[in-house]
Amino acid sequence: MVNGVRAPFERFTRQGTANQPAAAPADQGFPVTQATSFASQFAAVYLNFDAVRASERAGRLAPFLPDGAEPQFGWDGLGRMSAGAIQPYGVKVEDAQNAVVTLVFQAGNRRQLLSVPIFHDGETKRFVVSGRPGILPAPAAAALPAEGEPRRDATAEQELRTSMANFFKAYAASDTASLQQYAAAGVTLEGFGGAFTFVELKDLVVPLSSEANRKVTATVVWGVPAGGSPTAEPAAGDPGDMSGKLEQSYLLSVVKQGDKWFVQSISGAERSVG
């Protein structure tokens, strides 16, 4: 009797589950990755034009456009525009064949967006730009909230300053023997191999703590080689031929063993201090 009651109930439950529609995938079967690559290549041609090379641009645009489209796809052949740093920004999928791919790019000192409608032929696996693109302003940079200065361990900072300066000097030169003397036991460090030169340790922030392990933030000035050592007062001439300086911040995990500090790891700083 129990089995007789249970069997219809189980059949009803299975039928109910089977009749529920499956959740549709977000991309609805549209090949987002490939379409984004196609749109990025198109944008690199579309956003760069010069009146003296109009025919070249038309030839490069042709593989992206539908039959019968005007060769310059909306440009009247006058003036010039230059854009770069083209990167994917987002994709709005309409269905398995249609989507709008949005890219971010840099033109002069402006960040902007380009929305490109794309059609995908599922049988031939081909793409085509299906309509006029649209340029939009990119969102402005976010407002960074102020962050208070941490309580600093002046004693530890004084202890660490010389060894940290020497560490970054070896880090720039990538002298394995010199670099490893600053590494904690079991840690292998790799440096720049001479790509940069060490100029100065501008700042070192060690949060106040009684622990032997610390997370410290170091602000370092690197010299960018250009035929000579960086100096405070560069000689007159072409600035591009002079050695430059680049200020950067790092987060280091250090540990004190006896009266010495050793580096366990180094990475880019999470956020500038101050």
Side-chain angles (χ1 to χ4, degrees), residues 20-147 239-240 244 246-249 268-272:
Q20 291 179 358
D27 59 15
Q28 301 187 58
F30 185 86
V32 170
T33 301
Q34 295 91 327
T36 300
S37 177
F38 181 84
S40 298
Q41 284 192 315
F42 163 77
V45 180
Y46 178 82
L47 293 170
N48 290 277
F49 52 80
D50 191 322
V52 300
R53 304 176 69 179
S55 60
E56 179 183 333
R57 178 180 186 268
R60 296 181 64 196
L61 273 179
F64 300 95
L65 305 182
D67 293 339
E70 58 178 297
Q72 296 295 352
F73 212 46
W75 176 46
D76 67 356
L78 301 175
R80 62 176 58 91
M81 179 175 175
S82 179
I86 299 168
Q87 298 289 332
Y89 193 80
V91 179
K92 180 183 178 183
V93 175
E94 301 292 343
D95 52 44
Q97 293 181 305
N98 297 279
V100 176
V101 177
T102 301
L103 308 160
V104 62
F105 67 93
Q106 187 91 16
N109 62 353
R110 293 178 179 272
R111 291 178 66 248
Q112 295 176 303
L113 302 177
L114 179 71
S115 290
V116 185
I118 299 292
F119 172 81
H120 175 247
D121 186 329
E123 292 186 4
T124 63
K125 308 300 182 184
R126 296 178 181 178
F127 298 93
V128 69
V129 176
S130 57
R132 289 274 192 273
I135 294 177
L136 301 165
L144 186 64
E147 189 173 75
L246 184 64
E247 185 177 307
Q248 297 192 316
S249 294
E270 297 171 352
R271 179 170 173 173
S272 298

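Worth knowing before you read on, the calculation uses all heavy atoms, side chains too, and leaves out hydrogens, waters and symmetry mates.
Across all their heavy atoms, Val128 and Pro66 have their closest contact at CG2-N, 3.4 Å. Of all non-hydrogen atoms in Ile118 and Ser130, the two that sit nearest each other are N-OG, 3.7 Å. Contact record, Asp95 with Gln28: CA-OE1, 3.8 Å, taken as the closest heavy-atom pair. Scanning both residues, Ala43 and Leu114, for their nearest heavy atoms gives CB-CD2, 3.7 Å. Taking each heavy atom of Leu61 and Phe73 in turn, the nearest pair found is CD1-CB, 4.3 Å. Shown here for Leu47 and Met81, the closest heavy-atom pair between the two residues is O-CG, 3.4 Å.
Looking only at distances, a side-chain donor or acceptor of Gln72 sits under 3.5 Å from a matching main-chain atom of Ala54. Judged purely by atom type and a 3.5 angstrom limit, Asn98 has no side-chain atom pairing as donor or acceptor with the backbone of Glu94.
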Could you check Tyr89 against Leu103 for side-chain contact (heavy atoms from CB on, under 4.5 Å), going step by step and ending with a plain yes or no?
CA-CA 5 Å; Tyr89 193 80; Leu103 308 160; 5.6 Å; no
Take Val129 and Phe38 through the test side-chain contact (heavy atoms from CB on, under 4.5 Å) and record every step on the way to the result.
CA-CA 9 Å; Val129 176; Phe38 181 84; 4.0 Å; yes
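In this structure, OG1 on Thr102 lies 9.5 Å from NZ on Lys92, to the nearest 0.5 angstrom. With rounding to the nearest 0.5 angstrom, the CZ atom of Arg126 is 15.5 Å from the CD atom of Gln34. Here the OG-CZ distance, from Ser115 to Arg132, works out to 15.5 Å after rounding to the nearest 0.5 Å. Rounding to the nearest 0.5 Å places CZ of Arg80 at 9.5 Å from CH2 of Trp75. Rounded to the nearest 0.5 Å, atoms CD1 (Ile86) and CD (Gln112) are 11.5 Å apart.
Aromatic ring pairs are classed by plane angle as parallel below 30°, tilted from 30° to 60° and perpendicular above 60°; the pair Phe127 and His120 is tilted.
Contact check for Phe42 versus Pro133: side-chain heavy atoms found under the 4.5 Å cut-off. Looking at heavy atoms from C-beta onward, Val91 lies in side-chain contact with Thr36 at the 4.5 angstrom threshold.
With a 6.0 Å cutoff to the six-membered ring centre and a 45° limit on the axis angle, Arg111 does not count as a cation-pi contact of Phe105.
Here Glu247 pairs with Lys202 under the side chain to side chain donor-acceptor pair (under 3.5 Å) rule; sequence neighbours left out.
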